[in-house]
2 protein chains.
Amino acid sequence: MASNGDSNVTNRDAFRQVVVNTLERRLFYVPSFKIYGGVAGLYDYGPPGCAVKANVLAFWRQHFVLEENMLEVDCPCVTPEIVLKASGHVDKFTDLMVKDEKTGTCYRADHLLKDFCKDKLDKDVNIAAEKAAELKHVLAVLDDLSAEELGEKIKEYAIVAPDTKNSLSDPYPFNLMFQTSIGPSGLSPGFMRPETAQGIFVNFKDLYYYNGNKLPFAAAQIGQAFRNEISPRQGLLRVREFTLAEIEHFVDPDDKSHPKFSDVSTLEFLMFPREEQVSGQPAKRTCLGEAVSKGTVNNETLGYFIGRVYLFLTYLGIDKDRLRFRQHLANEMAHYAADCWDAEIECSFGWIECVGIADRSAYDLRAHTDKSGVPLVAHEKFAEPREVEKLVIAPVKKELGLAFKGDQRMVCEALEAMSEKEAMEMKANLESKGEVEFNVCTLAKDVTIKKNMVAISKEIKKEHQRVFTPSVIEPSFGIGRIIYCLYEHSFYTRPSKTGDEQLNVFRFPPLVAPIKCTVFPLVQNQEYEEVAKHIAHLLTAAGISYKIDITGTSIGKRYARTDELGVPFAITVDSTSSVTIRERDSKVQIRVDVEEVASVVKEVTEGQSTWNDMLSKYNAPSAPDDE
Amino acid sequence: MASNGDSNVTNRDAFRQVVVNTLERRLFYVPSFKIYGGVAGLYDYGPPGCAVKANVLAFWRQHFVLEENMLEVDCPCVTPEIVLKASGHVDKFTDLMVKDEKTGTCYRADHLLKDFCKDKLDKDVNIAAEKAAELKHVLAVLDDLSAEELGEKIKEYAIVAPDTKNSLSDPYPFNLMFQTSIGPSGLSPGFMRPETAQGIFVNFKDLYYYNGNKLPFAAAQIGQAFRNEISPRQGLLRVREFTLAEIEHFVDPDDKSHPKFSDVSTLEFLMFPREEQVSGQPAKRTCLGEAVSKGTVNNETLGYFIGRVYLFLTYLGIDKDRLRFRQHLANEMAHYAADCWDAEIECSFGWIECVGIADRSAYDLRAHTDKSGVPLVAHEKFAEPREVEKLVIAPVKKELGLAFKGDQRMVCEALEAMSEKEAMEMKANLESKGEVEFNVCTLAKDVTIKKNMVAISKEIKKEHQRVFTPSVIEPSFGIGRIIYCLYEHSFYTRPSKTGDEQLNVFRFPPLVAPIKCTVFPLVQNQEYEEVAKHIAHLLTAAGISYKIDITGTSIGKRYARTDELGVPFAITVDSTSSVTIRERDSKVQIRVDVEEVASVVKEVTEGQSTWNDMLSKYNAPSAPDDE
């Protein structure tokens, strides 16, 4: 009876239209600033959407922050340029854009090329096999094309501006950060943060201290992030402002084991490793423990978070058959990353990246160490001092002074800056030849170094601690994307009692449902309304959110209204001593004493009991009798 | 034993220094981007600060949103110019600024004048009485001075740039909004919202519909707001990015009664009405019900929110003797506002506005109606149609055409736009004199209107509904300011056991405390650690946040550490069957079975029982025996 989207594009679009209409009509979300015509890529969460979001975030805090004793922080959105210069966002956080040469309208270059290829493949029935193969190849490598290559393809295929058919400029990079200026001088550029992670990295030193100078530990942040998309589309999936929930788990690069990995190692779910993608195989149900032990997933900590993310998403109500963990291909991954997996959820737009889980190695902490000069490092104190072999480079200043006069300091510094490999080569050469040519880059010339000018040796030293830059494992959650996919996975329709219309239902689990129950007096009379108010009072005391509906509308219509909001339980007051509780999806009812109703709803919504427990306890009628 | 700030400025500064040092050292908050030298007016909440903030916001949601069934929404921070043009922020959200004429450094003009006057009054012991009176007057009227008047005073007193002693520019307005650009074209200016309220106003129509087209109802929003302060000072009190929690309560302007006003009408607290301020009297303990019935507070709904805000702040732990409700003076209030009260909290910086509670009448909805052309109005359907007298102005187009030719349309529109008063005057004049002079502002001239050119009458019409713009009552909470004042009100010091140092304590109520309890094994041994872990497990199951401290530090030091974080209860494991629970402020301990400890802490922190209940139940030792 339930209808869901299927692989047919038209059906998918029709399904999405029904879901989106329902969501907007019931104010789960609406385009922002609608009375002024709206702004692309900005959405408001209305009352039920806001409640769903608050529930998802509260569960995120419970499932990740509390469970793992993470250090939660809250940093500003306004960020000075230097921080995002260090992180690479000022230089590299760009999309390629083309402009309509006459009107100046902007488009994402890759979107135009993608649309062209797809359109041609879909509609040109007489397309030559060779041409079709070429277009498919373009689609496959789209994300790897440089500005020049994209420009060439746009010219080759004579792609024009879709709205005007005017010709297009060459593609050029557009930085996706919203820029602003901090303070009144106009001299301090700033940006609205494109992610929350940097706020954690710059606080590493303080957080490490707060954690008693111990690794591993994780910090977490929930907050707004901003991306000035060139031309947002796909509704809630590509927006200009969104809520991120990010975890930065700092770990010793030499030991990425996780003490709780065994808690998740037996989980099985769809995984899509690099090799399967490249060789054209589908995602396969895989045991997480095996994926880690075989090395498909780089390490236990990364594996642990993949497992925890799987549990998080499925508890929320994401369909496990439309959830997969896809490993980044080599060309998708940043050069510094050790491994990276995306939790992708299938919805009417296709497979959507909703959570990224990356082992970013030491990249971020090193970048901020370099830029700020503040060492963001961890220390491992040895129980006993350890003997380690250390390179010692000792320039002989007197000899260097005689030979190089005013250049002495530069030469001296260059010698001291040699890597172990360079130094040992020089040592060998000095011993065999007596002198070597040596490039001093600060002088921009070679100089001749003689044997008496520098002593190079390896010495055994006692060390009391090891100093290192921790690795960062980062699970990063796009909350809006998760919620949108959850809406699609939770939505179904069923015929009304009379069969003449299709009714919409969201099958949210109680954890997520915007309101846990509704209270209806069956008919409008003062006695029943008093009972309804008494029940409302008991629900408030039990901490259960509810809505009272005392309109005179038919009970069937009121059930339909509450089903469409995804409210799991409806309490109907049809006597002053006992009432019925109806479960949304089965429509089965039980009869419960007025004084017990709040505790029954509380137990079932908070998970101490199941609905089936209540069915047997309260001896339910076998079939729904009201709809 | 407890030491608090007093009225002496030096003591206040010293007190603040101790509090702020503790807060920063324990990572309640730190300057943002510290490793890059920080940015004035931007702060990060570290783990305990973030937890306190989450607790305050959760309680706000419970106390306001759930209790009153408010409609919570969540709108973006990025806001297009037109919205903030309509609200008046683009034109009027400014501070007056002066620049150092040589270096370009910016200062707030009123701050410089204020500092000059205060400094002179404080330090110049030989100041003439007349001069002193003049400076005091300047301080009193500071907020009312225009740019010109401020500039004159700065010249008159020869005030120069404080850092360089260079001369200063004339004062000019600086807009406090962070500006940005939406989309890639550079043609859509936008701002980071300076308040969350506008997101609610522009959604009024949808929210009214969601509420079943019924008034009154309230919408609420929690979120970030941004003000690009010229020169932020006062730590957390004046920042460039902050969390606001705002309520917009929409009500029929003809009926501002509140059904639940009696719940708060007997409350008594410090109120500081306009008259008392002007006549130099102090704030007085006042009964809220009387303040409303006497008309000191404009209406019941405004009064209801004042009472609810009082309860909210005092539940959090704000000292009721350092909390007052101050009415805005006539010159502070916007022309459209009906009444406005600030909840002010006294801290080491003086009395600080932390919550504004304003009856903004119909201003905001009208402004957006005018700008967008979408009527943001409410309807009151009459049970029976009502007969109302309606003004009818019927211009006689033929006669007007003959007389005014091409100007006919303008004259016609001007006649139709007359107010009731103007029209009835014209009617009287036409009847007595036969013609009148009439100013047509769109033509910028007077024309002569004769009796045959317009018919003016009053007719009885049947109306089925009343259409009106609702009034808005807006309680607006500066969450960061409330939290900072709470820190100061909660902080005290007491001597250590040995008496050789002062220990810091935050006396947070359990509701606010960042962590509800700590678990310490008394000595480092595996047996006790196992018990501690078992208790931790029971606490997690009960939903109580905790921290385990298994370091070998002395128990006294561990108590001090946890007192300084404001943790209300410490559980010490000193046997495998029973443990002690120590209350932070009294230091009194009770002994409880291991299996009961989680439920005891839960009951006391969630308010089902008091600590005193537990003292009698568990027969506490009469004095602390461990510190």
Side-chain angles (χ1 to χ4, degrees), chain A residues 27 30 32-36 39-40 42-47 49-51 53-54 66-67 71-80 82-83 97 104-106 174 178-185 192 199 202-203 205-207 210 212 224 226 228 230 240-241 368 371-372 374 376 540 545 551, chain B residues 27 30 32-36 39-40 42-47 49-51 53-54 61 66 71-80 82-83 97 104-106 174 178-185 192 199 202-203 205-207 210 212 224 226 228 230 240-241 368 371-372 374 376 540 545 551:
Chain A
L27 294 200
V30 289
S32 298
F33 316 114
K34 217 166 55 171
I35 62 170
Y36 292 104
V39 175
L42 295 179
Y43 293 92
D44 294 343
Y45 289 86
C50 197
K53 184 180 167 189
L66 290 186
E67 183 70 31
L71 307 183
E72 192 178 345
V73 300
D74 184 13
C75 308
C77 301
V78 174
T79 306
I82 191 169
V83 173
M97 177 161 93
T105 305
C106 306
F174 171 74
F178 282 97
Q179 188 163 9
T180 190
S181 185
I182 305 175
S185 70
M192 303 311 298
V202 299
N203 278 314
K205 215 180 147 185
D206 280 346
L207 294 169
Y210 188 85
Q224 294 302 91
F226 302 82
N228 198 6
I230 294 170
R240 286 175 164 152
E241 182 177 337
H368 286 295
K371 193 81 178 176
S372 69
V374 176
L376 303 178
T540 302
S545 62
T551 58
Chain B
L27 294 201
V30 289
S32 298
F33 316 114
K34 217 167 54 171
I35 61 170
Y36 291 104
V39 175
L42 294 179
Y43 293 92
D44 294 343
Y45 289 86
C50 196
K53 185 180 167 189
R61 246 189 202 118
L66 290 186
L71 307 182
E72 192 178 345
V73 300
D74 184 12
C75 308
C77 301
V78 174
T79 306
I82 192 168
V83 172
M97 176 161 92
T105 306
C106 305
F174 171 74
F178 282 98
Q179 188 163 8
T180 190
S181 185
I182 305 175
S185 71
M192 303 312 298
V202 299
N203 278 315
K205 215 180 145 185
D206 280 345
L207 293 170
Y210 188 84
Q224 294 302 91
F226 303 82
N228 198 7
I230 293 169
R240 285 176 165 152
E241 182 177 337
H368 287 296
K371 193 83 180 174
S372 68
V374 176
L376 303 178
T540 302
S545 63
T551 57

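In what follows, chains carry the letters A, B, and so on, assigned in the order in which the sequence lines appear, proteins first and then strands, with residues in each chain numbered from 1. All values below were derived from every heavy atom in this structure, side-chain atoms included, with hydrogens, water molecules and symmetry-related copies excluded. Because the structure is predicted, anything quoted here is derived from the model rather than measured.
For a residue to count as touching a neighbouring chain, one of its non-hydrogen atoms must lie under 4.5 Å from one of that chain's; by this rule B:Tyr43 touches chain A with the backbone only. With a 4.5 angstrom heavy-atom cutoff, B:Leu27 touches chain A only via side-chain atoms. For B:Phe174, the part lying under 4.5 angstrom from a heavy atom of chain A is the side chain only. Interface residue A:Leu207: backbone and side-chain heavy atoms are both found under 4.5 Å from chain B. Only the side chain of A:Asn228 comes within less than 4.5 Å of a heavy atom of chain B; its backbone N, CA, C and O stay farther away. Contacts between A:Thr79 and chain B at a heavy-atom distance below 4.5 Å involve backbone atoms as well as side-chain atoms. In this structure, the portions of A:Val78 lying under 4.5 Å from any heavy atom of chain B include both its backbone and its side chain. The contact between B:Val374 and chain A is made entirely by side chain atoms (from C-beta outward), counting heavy-atom distances below 4.5 Å.
Atoms CZ and OG, on B:Arg61 and A:Ser545 in that order, are 12.0 Å from each other to the nearest 0.5 Å. Note: A:Glu241 CD to B:Ile182 CD1 = 10.0 Å, rounded to the nearest 0.5 Å. Distance check, rounded to the nearest 0.5 Å: NZ of B:Lys34 to CG of A:Asn203 gives 7.0 Å. For the atom pair CD1 (A:Ile35) and NZ (B:Lys205), the distance works out to 9.0 Å, reported to the nearest 0.5 Å. Rounding to the nearest 0.5 angstrom, the gap separating the CD atom in A:Glu72 from the OH atom in B:Tyr45 is 13.0 Å. For the atom pair CZ (B:Phe33) and OG (A:Ser372), the distance works out to 13.0 Å, reported to the nearest 0.5 Å.
In terms of heavy-atom pairs under 4.5 Å with chain A, the best-connected choice from B:Pro47, B:Cys75, B:Ala40 is B:Pro47. Per-residue heavy-atom pair counts under 4.5 Å with chain B were compared for A:Met97, A:Gln224, A:Met192, and the maximum is reached by A:Met192. Chosen from B:Leu42, B:Thr105, B:Leu66, the residue pairing most often with chain A at heavy-atom distances under 4.5 Å is B:Leu42. If you tally non-hydrogen atom pairs under 4.5 Å between each of B:Cys50, B:Ala54, B:Pro76, B:Ser181 and chain A, the highest count goes to B:Pro76. Of the listed residues (B:Cys77, B:Ser185, B:Cys106), the one with the most heavy-atom contacts under 4.5 Å to chain A is B:Cys77. When the candidates A:Tyr36, A:Phe226, A:Phe178 are compared by the number of heavy-atom contacts under 4.5 Å with chain B, A:Tyr36 comes out ahead.
Partners of B:Ser32 by side chain to side chain donor-acceptor pair (under 3.5 Å), not counting sequence neighbours, listed by chain and number: B:Asp44.
Few gaps surround NZ on A:Lys53; more than 12 heavy atoms of other groups in view lie less than 6.0 Å from it.
Closest heavy-atom contact between B:Arg240 and A:Pro184: NH2-CD, 4.1 Å. Among all heavy-atom pairs drawn from B:Val73 and A:Gly46, the shortest one is CG1-CA, 4.2 Å.
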